[in-house]
Amino acid sequence: MREAVSLIYIVTKATIDKAYTRCNMNKPIERLKSVRQRIEKACIAAGRQPGEVSLLAVSKRHTSDNIIIFNGLGLVSFGENQLQEALQKQGELNKLDLQWHFIGTIQSNKTHAIAEHFQWVQSVDRQKILKRLSAQRPDHLAPLNICLQVNIDQEPQKAGANPEEILQLAELAHGLNNIKLRGLMAIPRMTTVPTQQHDSFNKVKALFEKLKNAGHDIDTLSMGMSSDLEVAIAEGSTMVRIGTDLLGKRDT
Ligand SMILES: *Cc1c(COP(=O)(O)O)cnc(C)c1O
């Protein structure tokens, strides 16, 4: 048993070293430290415990080597928004014990693969997708963790259910066998006006509380990205999704 453990360690260490030589990642340790400090500061300012907010590394359009490096630094949860890209990385990284979150637009012909290859889906915004994910989740796997995506500012071009549809979606989720409703995900309107940012996040939090009051056993309020994680945490976020400030700029 001890041998097996140390063997895994050696493989992992070598894998990490190789990843460092191949990638052009700029100061991953410093980036992670800085993001963690921002989360901690925001929690303290809000009178919350830093342990209340988890960190999802958004690895879309970053290489598998970058994921290896951040996994070596202790991160296990990674977010992807394109199925094909995610499946390729999952294949390359199948020796690592990672938790994959799907955070992109879901076409109904992709639900089968998503239900099979992810632990979380944070971008569910309609009944049809919810039903298909539950029906297509393999029975030997734990229920799929779901966040309902809410289009909190009701922007026409943006994915997400309307706020008034959320309660009904949650009821449906509750009755489905192979999914576990965990909470809400939102991407508020782009703005640099702090009061508007607070307003949007606060509306998501209120909806989250409404679901809880309706009896839903949920624990995840996924909101906050590189540019607004502080505001999101001030308004009650329990999971921030960070791409740029962790892994660097994306090309496209
Ligand atoms: C890309 C993306 C993020 C990360 O955004 P950054 O600004 O790079 O931190 C978070 N959530 C979703 C849904 C995304 O698509």
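Since the model is a prediction, treat every value here as computed from it, not as a measurement. Counting starts at 1 for both ligands and their atoms, in listed order. Here, residue 1 is the first one in the sequence, and each next residue gets the next number.
- With no hydrogens or angles considered, no side-chain donor-acceptor pair links S123 and Q149 at under 3.5 Å.
- The pair D245-R31 does not meet the salt-bridge criterion, since no charged nitrogen lies less than 4.0 angstrom from a carboxylate oxygen.
- In this structure, R61 does not pair ionically with E85, as no charged nitrogen and carboxylate oxygen lie closer than 4.0 Å.
- At a threshold of 4.0 Å, the pair R36-E40 does not count as salt-bridged, since none of the basic side-chain nitrogens sits closer than that to a carboxylate oxygen.
- Annotation for ligand 1: atoms under 4.0 Å from non-hydrogen atoms of T244 are 6 (P), 7 (O), 8 (O), 9 (O).
- Counting protein heavy atoms only, atom 11 (N) of ligand 1 is closest to R241 NE, 2.9 Å.
- The nearest non-hydrogen atom to atom 10 (C) of ligand 1, considering only M225, Q82, R250, comes from M225.
- Here atom 15 (O) of ligand 1 lies nearest to K60 when heavy atoms of K249, M223, K60, E80 are compared.
- Contact check for H117 versus W100: no side-chain heavy atoms found under the 4.5 Å cut-off.
- Ranking protein heavy atoms by distance to atom 12 (C) of ligand 1, first place goes to I103 CD1, 3.6 Å.
- The atoms of ligand 1 that sit less than 4.0 Å from any heavy atom of I242 are 9 (O).
- Looking at S226 next to ligand 1, an N or O pair under 3.5 Å apart turns up.
- Ion pairing between D17 and K13 holds under the 4.0 Å rule for side-chain N and carboxylate O.
- For ligand 1, the atoms lying closer than 4.0 Å to a non-hydrogen atom of I187 are 13 (C).
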